[in-house]
**Q** 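So that we are looking at the same thing, I have put the structure below in structure tokens.
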Amino acid sequence: MRFSSNLILWYKQHKRDLPWRNTRDPYRIWISEIILQQTRVNQGLSYYCKLVEKYPDVHALANADEDELLRVWQGLGYYSRARNMHHTAKVVAYKMDGIFPDSYHELIKLKGIGSYTAAAISSICFNEHQTVVDGNVFRVLSRLFGVDTPINTAQGKKQFEKLAHELNDGGESGLFNQALMEFGALHCTPKQANCASCIFAAQCYASRHGKVDVLPVKEKKQKVKERYLNFFFVHDAYGNTLIQKRVMKDIWQGLYQFVLNETKEETGVEDMMPDLLGLYNGSKNIKRVDRCTHKLTHQKLYIQFIEVEVEKLGANDVSGYEIVSMSDLGNLAFPKPLERYLKDFKVR
DNA sequence: AACACGGGGTA
DNA sequence: TACCCAGTGTT
């Protein structure tokens with residue numbers, strides 16, 4: 001039996017029942033694919049449900065407020081996905097009469113849609129003969145055929161694309177693509193692959209040669225940069241706080257933060273007081289200092305939260321920051337560690 | 001080609 | 001810890 005037929009049979013037996021698998025509406029498939037970029041199904045599932053309920057069609061999403069959209073996206077990470085999605089929704093709604101392009105080559109022109117997502121949407125929604133190559137595909141094919149070309153090189157990517165496309169020969173590209181990814185996600189997993197019960201074990205190079213744990217090959221990772229972020233959570237007796245939208249090209253673009261002083265190294269609160277003096281010219285009271293670390297893929301953040309109570313926040317005291325009532329913070333998106341701080345703050 | 005961009009799950 | 005995840009955009 002052909003590999004593609006065998007794979008699709010496996011898929012029909014083992015696939016998970018997921019909400020985006022009950023539709024071929026390009027809007028919904030698009031939302032699901034953006035969410036699932038570098039994100040596991042279990043992590044993205046609730047976000048998908050929230051998004052399609054709040055924004056049932058591309059017009060609703062196009063008309064959304066960006067802060068509101070980022071708040072829905074809060075906690076999922078890679079926030080450029082949300083900003084690009086919003087941009088593309090406006091393009092589709094206002095320049096394409098709300099109709100998504102129906103081909104790979106048109107889809108890939110849209111912001112946030114790269115080769116993977118264009119292949120996924122065009123194959124799943126329009127049955128175009130395109131083949132997805134994601135982390136699952138790299139893993140399954142490298143093991144099955146013993147391909148040890150590093151997957152994070154241009155050569156490797158081309159080689160796997162060619163191989164995947166040759167295998168996708170059954171005229172059901174949407175099914176084939178989802179089947180291959182599902183097989184990687186559920187069966188041919190990164191750790192402890194289920195070789196004992198694998199339908200392909202007899203022909204699998206890695207299984208026969210004991211190389212399951214060394215494939216796929218990936219070239220060394222980038223190193224992690226360390227940063228020291230000192231946030232002043234300033235509030236007054238009237239429940240007002242000081243916040244700022246992050247606009248720089250940096251992590252957490254578009255999200256909100258407290259008064260920030262970033263330093264080159266671990267810095268005591270006393271040494272940062274001069275900066276704070278310039279920010280608020282009335283009397284102030286440092287109530288509490290909390291510390292935490294936060295790991296990103298490429299950065300390790302050493303975070304201090306300095307709670308500062310002042311008498312009354314007024315427009316004359318601050319520049320570059322907004323005065324916002326504590327009760328309105330729930331409508332804005334904050335980075336994970338700041339959201340956690342706010343949650344703890346409310347409890348105590 | 002190399003890097004930047006989050007957060008959570010897994011061993 | 002270290003690695004990985006239904007990747008894309010920028011430099």
Side-chain angles (χ1 to χ4, degrees), chain A residues 11 15-16 18 20-21 29-48 70 73-85 87-88 107-121 123-124 130-140 150-158 160-161 164 174 176-186 188-193 213-225 227 246 248-255 293-301 333-340:
Chain A
Y11 178 66
K15 68 173 183 173
R16 290 167 287 185
L18 300 169
W20 50 85
R21 288 188 173 155
I29 299 299
W30 170 61
I31 298 280
S32 74
E33 294 300 343
I34 301 297
I35 287 175
L36 293 174
Q37 290 168 2
Q38 293 289 284
T39 304
R40 290 168 199 277
V41 165
N42 284 337
Q43 191 188 355
L45 187 53
S46 68
Y47 286 85
Y48 173 85
L70 283 169
W73 201 272
Q74 173 179 284
L76 193 55
Y78 283 154
Y79 298 93
S80 65
R81 291 183 291 175
R83 301 195 309 271
N84 288 336
M85 195 169 76
H87 174 89
T88 288
L107 285 163
I108 204 169
K109 294 177 185 168
L110 299 171
K111 259 222 165 32
I113 298 184
S115 59
Y116 163 78
T117 306
I121 298 175
S123 65
I124 294 171
Q130 296 287 345
T131 309
V132 301
V133 180
D134 73 334
N136 293 303
V137 177
F138 282 126
R139 186 171 57 256
V140 173
I151 61 174
N152 53 344
T153 60
Q155 203 214 344
K157 193 166 192 301
K158 266 174 72 175
F160 281 98
E161 275 169 359
F176 176 88
N177 287 332
Q178 295 184 79
L180 192 48
M181 293 190 285
E182 189 78 336
F183 186 74
L186 296 183
C188 192
T189 47
K191 313 276 183 187
Q192 300 201 175
D213 53 340
V214 299
L215 291 172
V217 174
K218 199 170 185 177
E219 278 186 345
K220 70 282 172 190
K221 64 221 179 272
Q222 71 272 24
K223 60 173 172 195
V224 174
K225 184 175 144 193
R227 295 174 70 176
R246 291 178 64 90
M248 317 78 76
K249 224 163 109 157
D250 194 2
I251 56 173
W252 301 328
Q253 189 184 117
L255 278 63
T293 62
H294 190 69
K295 285 272 293 175
L296 306 181
T297 304
H298 50 289
Q299 296 184 18
K300 182 172 185 184
L301 309 179
F334 288 88
K336 201 70 181 181
L338 279 69
E339 179 67 15
R340 191 165 50 231

**Q** Under 3.5 Å, side-chain donor or acceptor atoms of residues 111-120 of chain A against the rest of the protein: list the pairs with distances, not counting sequence neighbours.
**A**
| unit_1 | atom_1 | unit_2 | atom_2 | d |
| --- | --- | --- | --- | --- |
| A:Tyr116 | OH | A:Glu33 | OE1 | 2.7 |
| A:Thr117 | OG1 | A:Gln37 | NE2 | 2.9 |

**Q** Using the P atom as the reference point in each nucleotide, state the distance between B:dA11 and C:dA6 in Å, no decimals.
**A** 14 Å
**Q** Between A:Ser80 and A:Ala154, name the one whose nearest nucleotide on DNA chain B is closer to the 5' end.
**A** A:Ala154
**Q** Has A:Lys249 got a side-chain N or O lying under 4.0 Å from the OP1 or OP2 atom of C:dT11?
**A** yes
**Q** Would you say A:Glu219's side chain and A:Asn152's backbone share a donor-acceptor pair under 3.5 angstrom?
**A** no
**Q** With a 4.0 Å cutoff (strictly under), does any side-chain N or O of A:His298 reach OP1 or OP2 of B:dC5?
**A** yes
**Q** Using atom CZ of A:Arg83 as one end and atom C1' of C:dT10 as the other, report the distance to the nearest whole Å.
**A** 12 Å
**Q** Between the protein and nucleotides 7-11 of chain B, list every N/O to N/O distance that falls short of 3.5 Å.
**A**
| unit_1 | atom_1 | unit_2 | atom_2 | d |
| --- | --- | --- | --- | --- |
| B:dG7 | OP1 | A:Tyr79 | OH | 3.0 |
| B:dG7 | OP1 | A:Lys336 | N | 3.1 |
| B:dG7 | OP2 | A:Trp252 | NE1 | 3.3 |
| B:dG7 | OP2 | A:His294 | NE2 | 2.7 |
| B:dG7 | N2 | A:Gln43 | OE1 | 3.4 |
| B:dG8 | OP1 | A:Lys336 | NZ | 2.9 |
| B:dG8 | N2 | A:Arg40 | NE | 3.3 |
| B:dA11 | O3' | A:Gln192 | OE1 | 3.2 |

**Q** Can you tell which of C:dA6, B:dC5, C:dT8 lies closest to the side chain of A:Ile251?
**A** B:dC5
**Q** Within the structure shown, what part of the strands sits under 4.0 Å from A:Ser115 by heavy-atom distance: base, sugar-phosphate, or nothing?
**A** sugar-phosphate
**Q** Less than 3.5 Å between a donor and an acceptor, one on the side chain of A:Arg81 and one on the base of C:dA6, is that the case here?
**A** no
**Q** Strictly below 4.0 Å: does A:Thr117 bring a side-chain N or O up to OP1 or OP2 of C:dT8?
**A** yes
**Q** Distance between the C1' atoms of C:dC4 and B:dC5, in whole angstroms?
**A** 16 Å
**Q** A:Leu110 has an atom CG; how far is it from atom C1' of C:dG7, in whole Å?
**A** 16 Å
**Q** Which residues pass the salt bridge (Lys or Arg N to Asp or Glu O under 4.0 Å) test with A:Lys158, not counting sequence neighbours?
**A** none
**Q** Closest to the A:Leu36 side chain: C:dA6, C:dT8, B:dG6?
**A** C:dA6
**Q** How many angstroms lie between CG in A:Leu70 and OH in A:Tyr79, if you round to the nearest 0.5 Å?
**A** 8.5 Å
**Q** Between A:Pro190 and A:Asn84, which is nearer to the 5' end of DNA chain C once each is assigned its nearest nucleotide?
**A** A:Pro190
**Q** For a 4.5 angstrom cut-off between non-hydrogen side-chain atoms, does A:Thr131 reach A:Glu161?
**A** no
**Q** Taking atom P in both B:dG6 and C:dT10, compute the distance separating them and give it to the nearest angstrom.
**A** 14 Å
**Q** Determine yes or no for a side-chain-to-main-chain donor-acceptor pair under 3.5 angstrom, with A:Arg83 supplying the side chain and A:Gln253 the backbone.
**A** yes
**Q** Mind checking if A:Trp73 touches a base, just sugar-phosphate, or nothing, with heavy atoms under 4.0 Å?
**A** nothing
**Q** According to a strict under-4.0 Å criterion, is A:Arg139 in side-chain N/O contact with OP1 or OP2 of C:dC5?
**A** yes
**Q** Considering every strand and a 4.0 Å limit on heavy-atom distances, what is the contact class for A:Asn177: base, sugar-phosphate, or nothing?
**A** nothing
**Q** Determine yes or no for a side-chain-to-main-chain donor-acceptor pair under 3.5 angstrom, with A:Arg227 supplying the side chain and A:Gln299 the backbone.
**A** no
**Q** At under 4.0 Å, does any side-chain N or O of A:Gln299 touch on OP1 or OP2 of B:dA4?
**A** no
**Q** Please compare A:Glu33 and A:Ile108 by the position of their nearest nucleotide in DNA chain C and report the one closer to 5'.
**A** A:Glu33
**Q** Please work out which of the three classes, parallel, tilted or perpendicular, describes the rings of A:Trp20 and A:Tyr48, given edges at 30° and 60°.
**A** perpendicular
